[in-house]
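As structure tokens, the structure follows; a few thoughts come after it.
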Amino acid sequence: LLIYCQYSQNVFSIINSVQITEKNAEPEKTLLTYLRRNLGLTGTKLGCAEGGCGACTVMVSKYHPYQNRIIHYAVNACLAPLCSLHHCAVTTVEGIGSVASKLHPVQERIAKAHGSQCGFCTPGIVMSMYALLRNNPQPSMHDIQEAFQGNLCRCTGYRPILEGYRTFTKDGGCCGGKGQSNGCCLTNGHTQEHDNSTLSAQKLYDQSEFMPLDPTQEIIFPPELMITALNRCINTLRFAGERALWIQPCSLEELLELKATYPNAKLVVGNTEVGIEMKFKNLLYPVILAPAYIPELNIIQNTQDGIQVGASVTLTVLGDVLRAAVKKLPAHQTEVFKAVLEQLRWFAGQQIRNVAVWEKRVLEMDGKFFPGYRKTILKPEEILLSIEIPYTRKYFSAFKQSPRKEDDIAIVTCGMNVFFKEQSNIVQSIRISYGGMAPVTVLATATCNRLLNRQWNEELLEEACTSLVEEMSLSPSAPGGMVTYRRTLTISLFYKFFLNVQHKLSLDLQKEVVFHTYTIKSLKNSAWLQNIYRVQLYQAVPPGHNSDDVVGQPIMHLSALKQATGEAIYCDDIPCYENELHLALVTSTKAHALIKSIDTSDAMAVPGVVAFISAKDIPGSNMTGPVVYDETVFADDKVNFLCSISNERHYYTDSYSIVLAFIGYRSQLLVMMHIGSGIRSIERGDVAQGFKDSDHILHGEMHIGGQEQFYLETNCTLAFPRGEDGEMELFVSTQSASKTQALVAKALGVPANRVVCRVKRMGGGFGGKESRSTILSTVVAVAAHTVKRPVRCMLDRDEDMLVTGGRHPFFGHYKVGYMNNGKVMALEVMLYSNAGNSLDLSLSILERALFHMDNSYNIPNIRGTGYMCKTNLPSNSAFRGFGGPQGMMIAESWMSDVALSCGLPAEEVRRMNMYKEGDFTPFNQRLDKFTIDRCWEECMQLSDFNKRKDAVEQYNRQHRWTKRGLSIIPTKFGISFTAVFLNQAGALVLVYSDGSVLLTHGGTEMGQGLHTKMVQVASKTLGIPCSKIHITETSTNTVPNTSPTAASASSDLNGMAIYNACQTLLQRLQPYKDKNLKGCWEDWVKAAYFDRVNLSANGFYKTPDLGYDFETNSGKPFNYFSYGVAVSEVEIDCLTGSHKNLHTSIVMDVGKSLNPALDIGQVEGGFMQGLGLFTLEELRYSPDGYLYTRGPGMYKIPAFGDIPIELKISLLRDTPNEKAIFSSKAVGEPPLFLAASVFYAIKDAITAARAESNLTGPFRLDSPATPERIRNACEDKFTKLCPPADPGTFIPWAVQV
């Protein structure tokens, strides 16, 4: 894409050699909107609209006159204004290759390395890698990891992406110990050995088949841009839109004149902040000035005191300049440069750094420069011309603490420097500044004054800490919350600075300073970006295996190549109909209130608004819900949760012209929580007697926070009214096509046979689109019915997170009786689930939590009771694991407490209490083919557990302020829907006369590879290649009454249905095979066709012998169990609460794998999702029920840098499962809980830290184990200085739900 402009508002562009003209370019239009809506280039995806997920990444190329070279860089198209791309070439994923023509190696490798599952994030990742290779054809792994800091993936777990792209690096990556006798094939100087002699790794793909990268064949930079770029600033550019004026001045003088004329004009270079304000805060800036090409603002020059950097210099360019200076200048001059580089390394993602410039979030001036939040002392007509970064100051440090290491907003930042009197340790001057402790950066002036003329010793440290506690105070109600943690950080970070200075002083003064001598080593900042070592083990097909039999082979996801090229079609990629309308939701601003009035006059006055739809427009029923009808399609007279869909809707033709209808509330009702009576209970044995027989009894509690599904593709529906007999066709991103069909039909007042729901694929689901997708589908269908035109709505990320709910938060209280040796004799557990404002699937989720309250442990006397709590929050719903992880997490909490109370190794206590073959669960189901013991032993071996444990203990003896922890955790996950009627599936197999096969089944594809596995099943059954079989979509007019794609049972159910259908066809074809033994598939099909044989067949399957009765505690809720074990090692920073995931080994029993590549992908993806649940992801609500965490800026899912540095995955061998298709096992949900091994490794490390303060025994650690919780649990002399305020004495900023 080539864009250039001269004097008018016309933008000329060249896309794939086709020149177009965009007249009257709109200043508020982003590049993403232009690509998708104007040009139909839908490969670039909308994931968040705030530059936080990377799904919209494209490459921009331009000639930079001040660098005198052509530069290529990745940008977020969702933030890049179209007007800013004057004289720039833009490359999208469609522009580098396609399945139809030729793939680019970047596209091929991510697909064939199994790095694309749902595929929605894949184009953005491809373009980030492509941009890196255009600048550096042979990058290092560090370069690759840094390039992906602005990209998120919710499916893969990141490992296959990094492994596939490792092949572009100089060393080509690690062979997993197969290449050389020393166990390591790396050639870059690393000598770490990975010796697991009894286990051999298999490659999931053959990288020798990859196309080579040839940089000489890349698209050249358009020569005409070289000419026009040189004349870029001869004339001022002006683009006038309906609401905004965009001006790009060509000189500093003109910029100042414009600033005087428009004093409130916003200056925009990268649009990384203004774009977000306009999108999410509905702010309007009538005049925008773009000074990116003014020479004085692009200056970079060395001065006597440092480096002067112009205000329009991007952070990426600044980083390059500082790195060059660090290499060139003496070390004592570059301490500030190094500190700035370290902060830049973790600031935002690469796409943002490529366009962002110095601003308030990065820049620290003196104490007067920022008089208030987001305010400076600059006058309206003034601008910031440049800054100067000084040479060091030898004793200088900067720190940033955030929930996630990369691309995250800081909780607390600080910069500190000190000067000493010559040849002494006496403080001459000192400056300490903090961010995150006030609306502005604050200087600890009083503390600094107290430290003057003092010796740098322990007395100074104590004085400084006491003073900082007084000076850096925060109200307990301070915005941002985490008050105790933030106050503790101020002194913890100063202590780090103190130790660093102490160490340097001892070297400079050439005398040894005896002060916590082993603490210096413990604070050494090891690299957070490290090469990932990975091994995948699975049972390969035996020699002589029929090559046409693809079951058990690691074949690629059938849509992976299309996903890597942007050719895979998602719901919002469907081209717009000619008369299509767009729908927007207006949601409640109250959590519980009565509606008084609705004024839509302003909304209806907006040009393009067609209709206002409310509850009165519903032709059928306004009541809805997946199980019971306790919800409304539109709020009628009352809203039950903040952001419930109120009964007003408006349509708009331009994505930027949004006007709200005003709602008047008659009264705001109390926000409530109602705890029902004991909903479900399971009991076995004599619990009272078990407690009497126990040596000890302990009580404990644990809270497990909720979790947002954060599928990269938000909920989307396109409704097309057929115009006769009430027919409606829906294109929906949903896991439950039949439920969508039923609820839409109910709202429209028509039979289900008038509604067709079609699902091509989803950009992730994870349970979040099982029932909550119908919230949107019913609304869109009613709107389409009313206006008699196609209506489309794809929710913005913040809307999706506000409306749909997520994983249920759980609170568990337990009482455990146990013996001196750690044997558990009795357990009583009470589980409380936050259901939200409606039932949804909460009862089934609570039941599954109770079914898993034992995890993998045989407790002879056990009682579990579950309660559902109704609250004025969005209704929580299904999420991978469906209550199982919450039940098992609380089980591991009491198991950990027992081990700590007994003073015994946790792994011994867990192993002692583990089930054995033939044991019975609390719900009286016998455990047959119980393989956890095998998984346990293999995982111990795979991880070198005993050797690793010795190393952890030695490390902890040598380090005070960093500690390591180790944990091994098992999982036992029941497979089946607990609602028996859902354990059924149908399939339709159509054989055409040319021998091609069209396959349809009831499952939906959301990245898990279900369609791929089903094609493999059909291929093996029919005895034909996969290439002859095609699945086009899931639709209710081909297979009726389908169960949701959920419960990890879709391969089992749909696979058997397909198998049965194929068997029917084989029986019909058998006579023709017998007549023509030398014939082929096509011959037999053609013969049957001419003989008038039916070549289509329905298949059906229901899981036998299922059913459980809570009243009698009898029956069989699950068909079988999937088992797994994980070992994880972590390292925590006791002063900040940060942690690193050093190692994880996983052994998973998946039976006889249908596709090892897909199954390993599910294990890794599930594990990383669990890692987010247990260590990172935190939903934060205000006391009024307002969700603060509404996008990737505030809600952090695991990123590339969160992968364990060493990751080993093994699929257990020789474990066929006769209860599922081709002896396989379910794999989608079971691995998620294995991430609890990271949580309990963190708890093990905290235990070591607490021991330094003479604290022993059990302690409470809620999930997720965020840096805040880790730091607060590592109680020491610093935490004692910052006690929390008494509950009830203040209104907190955020509350635990």
Side-chain angles (χ1 to χ4, degrees), residues 335-347 358-370 373 389-390 392-405 408-419 427 429-451 456 460-474 478-480 482-504 519 523 525 528 961 1133-1138 1267-1268 1271-1272 1278-1279 1281-1282:
E335 289 298 315
V336 173
F337 296 171
K338 293 174 185 176
V340 172
L341 285 171
E342 182 65 15
Q343 299 307 305
L344 288 178
R345 183 184 186 188
W346 308 117
F347 177 79
W358 286 96
E359 53 160 326
K360 289 169 279 186
R361 290 180 295 178
V362 182
L363 185 63
E364 179 197 340
M365 297 292 190
D366 59 33
K368 299 178 181 179
F369 188 76
F370 297 111
Y373 180 61
I389 307 175
T392 317
R393 302 147 189 185
K394 192 166 191 178
Y395 306 107
F396 177 87
S397 294
F399 303 98
K400 171 188 173 182
Q401 182 57 38
S402 56
R404 190 177 67 192
K405 188 67 176 176
D408 201 356
I409 300 171
I411 299 171
V412 171
T413 58
C414 69
M416 308 178 188
N417 73 282
V418 60
F419 288 96
V427 176
S429 67
I430 183 171
R431 285 172 65 87
I432 305 171
S433 64
Y434 290 101
M437 296 302 295
V440 297
T441 300
V442 291
L443 295 173
T445 307
T447 300
C448 292
N449 290 335
R450 290 185 186 182
L451 302 184
W456 195 261
L460 177 142
L461 173 64
E462 293 178 359
E463 175 75 16
C465 292
T466 302
S467 179
L468 285 172
V469 169
E470 297 174 359
E471 189 171 5
M472 294 294 113
S473 62
L474 277 176
M482 299 183 283
V483 171
T484 299
Y485 177 51
R486 287 154 69 185
R487 294 184 65 209
T488 304
L489 278 176
T490 60
I491 51 180
S492 295
L493 295 178
F494 176 79
Y495 182 56
K496 282 194 169 193
F497 174 63
F498 177 87
L499 292 176
N500 287 335
V501 172
Q502 186 85 344
H503 178 60
K504 290 179 181 179
T519 61
L523 288 175
N525 190 20
W528 285 75
W961 297 109
D1133 184 329
C1134 304
L1135 292 171
T1136 65
S1138 296
E1268 176 191 13
R1271 179 64 187 100
N1272 291 343
F1278 301 127
T1279 59
L1281 292 173
C1282 305

R487: what forms a salt bridge (charged side-chain N to carboxylate O under 4.0 Å, His left out) with it, not counting sequence neighbours? none
Aromatic plane relationship, W456 with F494 - under 30° parallel, 30 to 60° tilted, over 60° perpendicular: tilted
Please report the shortest heavy-atom distance between A446 and S467, naming the atom on each side. C-OG, 4.3 Å
Quick one: pull up CG in L474 and CE in M437 and give me the separation to the nearest 0.5 Å. 3.5 Å
Taking C-beta and beyond as the side chain, do V412 and Y485 meet within less than 4.5 Å on heavy atoms? no
Under the side chain to side chain contact (heavy atoms under 4.5 Å, CB included) rule, collect the residues that match up with T1136, sequence neighbours excluded. Q401, L489, L493, K496, D1133, S1138
Taken in chain and number order and not counting sequence neighbours, the residues that satisfy salt bridge (charged side-chain N to carboxylate O under 4.0 Å, His left out) with K400 are none
Scan residues 465-474 for pairs that pass salt bridge (charged side-chain N to carboxylate O under 4.0 Å, His left out), counting only residues two or more places apart or in two chains. R450-E470
Any idea which heavy atoms bring F337 and P390 closest together, and the distance? CE2-O, 3.5 Å
Determine yes or no for a side-chain-to-main-chain donor-acceptor pair under 3.5 angstrom, with T392 supplying the side chain and V336 the backbone. yes
Suppose we screen for side chain to side chain contact (heavy atoms under 4.5 Å, CB included). Which residues come up paired with I409, at least two apart in sequence or across chains? none
Closest non-hydrogen contact found for R404 with S402 is O-OG, 2.6 Å
What distance separates Y495 OH from N500 CG, expressed to the nearest 0.5 Å? 11.0 Å
Non-neighbouring partners of S492 that pass side chain to side chain contact (heavy atoms under 4.5 Å, CB included), sequence neighbours left out: T488, L1135, R1271, F1278
Distance, nearest 0.5 Å, that separates OH of Y395 from CD of Q502: 10.5 Å
State the CG-OG1 distance between L468 and T447, to the nearest 0.5 angstrom. 4.0 Å
When you measure from the side chain of Y434 to the backbone N and O of T490, does any donor-acceptor pair fall under 3.5 Å? yes
What's the spacing between L451 CG and L460 CG if we round to 0.5 Å? 4.5 Å
Just verifying a value: how many Å separate N417 CG and I430 CD1, rounded to the nearest 0.5 Å? 8.0 Å
